[in-house]
K.L.:
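Dumping the structure here so I can ask a few things about it.
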Amino acid sequence: MKPLYLCFCLLLAWPACTGKQENSIKPADPRSTLQTENLLKSLHKLTRKGILFGHQDDLAYGIGWVYPEGVSDVKRVCGDFPAVYGMDLGHLENGSPVNLDSVPFVQMRSFAHDIFARGGIITMSWHADNPLTGGSAWDISSSMTVQSVLPGGEKHETFKQWLDRLANFFHTLYNEQGQAIPLIFRPYHEHTGSWFWWGKDLCTEQEFIDLWQFTVNYLCREKQVHHLLFAYSPSSGFESEEEYLERYPGDDYVDLVGFDDYQMGPEEKTDFRDRVSRKLDILNEVAMKHQKVAALTETGLEGIPDPEWWTGVLWPAIQNHPISYVLVWRNAHNRPGHHYAPYPGHVSERDFIEFCKLPGTLFLHEITMESIYW
Ligand code: BMA
């Protein structure tokens, strides 16, 4: 255990620091399964040990490969798998067999199965198409979309069908013992920006909160999905706790609080590092007061042209913050330059190995199924 983490927790007198209070932490869904509840408690507990490393679509594809079993760019570079695995449900709502980045949902199910068996952690975002216009998640041509899916809205029934499809998929995620595979569901992310149909300029504060609450209630109560933890993750444009919480749907609807922030080019290095660290201070205040798990839910530098980005930028930005995990975005196999984790021969390969070896970063072998779900 890094002494720094312990000191930090004690200094803040973080309620979740005592085993007793940790045990009293309950998921937003009061009927959540035992493994889901244990996952939440483990996430709280592990913040004292270190920061879990996550990668989007890690098992699905990487640079120069698509879908061979057991391959991962992260593992190819540092010898270990990530602890956290991001996936995206976009296009599941349409009944498509593959997601918006062409990952087949059957494949995703099999990844989820393997990850759970190995004791890893799954998080799923949802780049849902625009239900009103028929466009993509990025179609912001109408500011009526959120309103249209809420009860009484013209797309409400369609939207319920979309949630049914999600629920049906979630219900297929079981292991051999019939235990549901818990996952962190992270819908409507970056909602404080205005590039998705659920974004800030496209709906009112109340509409966003209603959308969130409706989704949670529908999945948990109507569809009896009880293996989800809910992650609230705006973009990083907030400067205070109040601003962070502006569209917060309430403690009964959220298990994790996070944000997404990317370094936009090599020249942003110092700005990015300082900004992330500053925002994590705010985030951790929120997490502490609301007894939620904090995470850097999406980050990265596209292409990672900086050979020392991992230990020179990312680690200094996060190391003094008791967050649960940090997740970098995907290594697209068919979009040159669009990758956020190294691969063999990459300029940041050696530095990533150093990052992996840090006592404060946690990869798969450092956590076990026992410690996470049981
Ligand atoms: C974006 C890009 C897109 C991708 C989308 C959803 O950041 O990576 O290529 O389709 O995420 O995964």
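Everything numeric here is computed off the predicted structure, so don't read it as measured data. Both counts, for ligands and for their atoms, begin at 1 and track the order of listing.
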K.L.:
Can you pull out the closest protein heavy atom to atom 7 (O) of ligand 1? Residue, atom name and distance to 0.1 Å, please.
P.N.:
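In this structure, atom 7 (O) of ligand 1 has Trp329 NE1, 3.2 Å as its nearest protein heavy atom.
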K.L.:
Which ring-ring contact (aromatic ring centres under 6.0 Å, His included) pairs, counting each pair once, include a residue from residues 60-99, with sequence neighbours left out?
P.N.:
Tyr61-His333
K.L.:
Within the 4.0 Å heavy-atom shell around Asp101, which atoms of ligand 1 are there?
P.N.:
4 (C), 6 (C), 10 (O), 12 (O)
K.L.:
Quick one: are the ring centres of Tyr340 and His55 less than 6.0 Å apart?
P.N.:
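So the answer is no for these two rings.
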K.L.:
Please name all residues satisfying side chain to side chain contact (heavy atoms under 4.5 Å, CB included) with Val347, sequence neighbours left out, ordered by chain then number.
P.N.:
Pro307
K.L.:
Using a heavy-atom cut-off of under 4.0 Å, does the side chain or the backbone of Asp88 touch ligand 1, or both, or neither?
P.N.:
neither
K.L.:
What closest approach, in Å, do Ile63 and Arg76 show between heavy atoms, and which atom pair accounts for it?
P.N.:
O-NH2, 3.2 Å
K.L.:
Which residue owns the protein heavy atom closest to atom 8 (O) of ligand 1, what's the atom, and how far is it?
P.N.:
His338 NE2, 2.6 Å
K.L.:
Any idea which of Trp126, Tyr340, Tyr262, Trp138 brings a heavy atom closest to atom 5 (C) of ligand 1?
P.N.:
Trp138
K.L.:
Where do Asp73 and Asn331 land on the side chain to side chain donor-acceptor pair (under 3.5 Å) test, with the steps shown first?
P.N.:
CA-CA 8 Å; Asp73 277 348; Asn331 279 11; 2.9 Å; yes
K.L.:
To the nearest 0.1 Å, how far is atom 3 (C) of ligand 1 from its closest protein heavy atom, and which atom is that?
P.N.:
Arg335 NH1, 3.5 Å
